[in-house]
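Whatever order the structure lists ligands and atoms in, that order sets their numbers, starting from 1.
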Amino acid sequence: MSKGLEDVVASTSAITFIDGVRGRLLYRGYDINELAELSNYEEVAYLLLHEHLPKPAELSAFAADLSSKRTLPVGVKSMLASLDTNSDAMDVLEMAIAALGIYDYPVLPLNEKAASICSKIATVVAYLHAHSRGQTPIAPRTDLSHASNFLYMMNGKVPDETAERLMNIVFVLHADHEFNASTFTARVVASTLSDAYSSVTAAVAALKGPLHGGANERVVEMVAEIHSPENVEGYIRARLAKKEKIMGFGHRVYKTDDPRAKIMRKCAEQIATTDSELRELAVLEKVQEFMFKEKGLYPNVDFYSGFVLHHLGMPTELFTPVFAVARSPGWLAHIIEQYSDNRIMRPIAQYTGPTDERYVPLTLRAGKITE
Ligand code: SDX
């Protein structure tokens with residue numbers, strides 16, 4: 001029995017390859033460093049969903065299809081508007097994805113459903129952002145890229161090229177990661193032949209857990225608490241002494257640098273300009289150095305991503321919903337792959353309970369109350 005299914009090969013997959021020893025990450029054979037530097041959300045979403053990089057005509061048709069699917073059904077908008085403004089963002093996202101399934105009528109073919117979910121999840125996050133601040137949500141535009149339109153809906157202004165580029169890098173780096181907990185959850189649900197909306201809703205529920213999503217929120221809070229580099233050693237030692245996990249570090253598969261963290265760190269170094277950003281970055285780099293020295297642990301994708309998301313104007317409480325926006329093409333690619341060669345997932349347990357209990361009638365079950 002392998003606790004947490006560590007190193008258990010649950011299925012074959014042709015989508016993403018991770019070499020945890022060499023720190024390599026490939027989407028459909030393409031190296032993450034090349035995709036982050038040269039590609040963007042639309043190309044990588046197409047690559048994950050359609051198994052090859054799009055030709056020009058395929059890319060423009062896909063991008064047009066995505067932008068045509070950005071608007072939410074009226075019923076979903078009124079459901080979102082009916083919620084308390086302080087509702088948990090990931091709870092709202094779970095509800096909204098399930099609700100999109102209710103309004104997917106007449107039922108779209110699977111690849112249309114996939115494009116619709118990838119497109120609308122961004123609108124949902126922008127909508128819940130506006131609603132949580134008591135503001136009128138900004139309607140999506142169809143003349144902007146996915147990254148540009150998302151920032152426009154979030155911040156109310158069309159981003160400059162640098163911000164759009166940075167948003168694309170965040171989307172590309174988070175697009176897929178093989179059988180991480182939320183993706184594997186989506187595959188288990190899809191393996192029962194449940195629908196794509198239900199599989200993505202389950203994936204969002206899994207990502208909500210702090211050991212999977214949300215670490216970058218905790219990292220930003222930690223950097224604020226540490227405040228300056230000279231406090232790093234004392235702060236981290238105290239947390240480790242209490243056996244606490246330092247968020248943004250460690251990974252089940254990577255036993256060296258997470259390639260995404262290296263790219264994200266480079267982005268952070270390029271965008272840090274203000275005194276507070278330079279100080280925060282110095283704290284992050286000191287924590288990374290100390291964690292390696294003390295625990296031999298490397299940062300994962302979440303360690304620098306919060307810094308970059310803050311720079312893009314994202315509030316901390318929306319970091320995990322933004323992760324879900326980025327991961328939706330990966331979730332859907334895995335759902336489609338699961339359907340294509342399916343067998344219901346049903347592992348077995350190593351039973352540790354009793355095997356020879358005999359039934360005692362209630363009247364004879366007096367005596368001390370057991371828990
Ligand atoms: C992502 O799976 C994916 O691919 C996820 C992801 C994706 O793209 O989907 O890559 C996204 O990376 C998010 C991960 C964000 N979560 C965190 O940063 C939370 C903090 N990290 C840890 O909880 C942990 O490292 C995990 C959850 C990421 C991995 O858990 P494992 O593989 O079960 O590791 P473990 O808890 O068994 O730890 C092994 C050892 C332990 O030491 P010992 O008790 O054996 O002495 O390493 C230590 C742990 O205490 N350790 C840490 C640590 N992570 C592991 N010690 C301090 N701080 C940490 N963060």
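- Residue pairs meeting the side-chain hydrogen bond (donor to acceptor under 3.5 Å, both in side chains) criterion with at least one partner in residues 8-18, sequence neighbours excluded, are Ser13-Glu337, Thr16-Asp176.
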Identify the protein atoms, limited to N or O, that lie within less than 3.5 Å of an N or O atom of ligand 1, and list each pair with its distance to 0.1 Å.
unit_1   : atom_1 : unit_2 : atom_2 : d
ligand 1 : 4 (O)  : His177 : ND1    : 2.6
ligand 1 : 4 (O)  : His251 : NE2    : 3.1
ligand 1 : 8 (O)  : His177 : ND1    : 3.4
ligand 1 : 8 (O)  : Arg260 : NH1    : 2.7
ligand 1 : 8 (O)  : Arg327 : NH2    : 2.8
ligand 1 : 9 (O)  : Arg327 : NH1    : 2.9
ligand 1 : 10 (O) : His177 : ND1    : 3.3
ligand 1 : 10 (O) : His251 : NE2    : 2.7
ligand 1 : 10 (O) : Arg260 : NH2    : 2.8
ligand 1 : 16 (N) : Leu211 : O      : 3.1
ligand 1 : 18 (O) : Gly248 : N      : 2.8
ligand 1 : 18 (O) : Asn300 : ND2    : 3.0
ligand 1 : 21 (N) : Phe249 : O      : 2.9
ligand 1 : 25 (O) : Phe249 : O      : 3.3
ligand 1 : 32 (O) : Arg252 : NE     : 2.7
ligand 1 : 33 (O) : Arg252 : NH2    : 3.0
ligand 1 : 36 (O) : Lys245 : NZ     : 3.1
ligand 1 : 58 (N) : Ile246 : N      : 2.8
ligand 1 : 60 (N) : Ile246 : O      : 2.8
ligand 1 : 60 (N) : Phe249 : O      : 2.9

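- By the ring-ring contact (aromatic ring centres under 6.0 Å, His included) test, Phe249 pairs with Phe303, sequence neighbours left out.
- Every residue two or more places apart in sequence or in another chain was checked for a side-chain hydrogen bond (donor to acceptor under 3.5 Å, both in side chains) with Arg343, and none qualifies.
- Annotation: side chain of His177 is in contact with side chain of His251 (closest heavy-atom distance under 4.5 Å).
- The side-chain tip of Arg141 points at the ring of Tyr152 from less than 6.0 angstrom away and within 45° of straight on.
- Lys266 has no carboxylate O lying under 4.0 Å from a charged side-chain N of Glu269, or vice versa, which leaves the two without a salt bridge.
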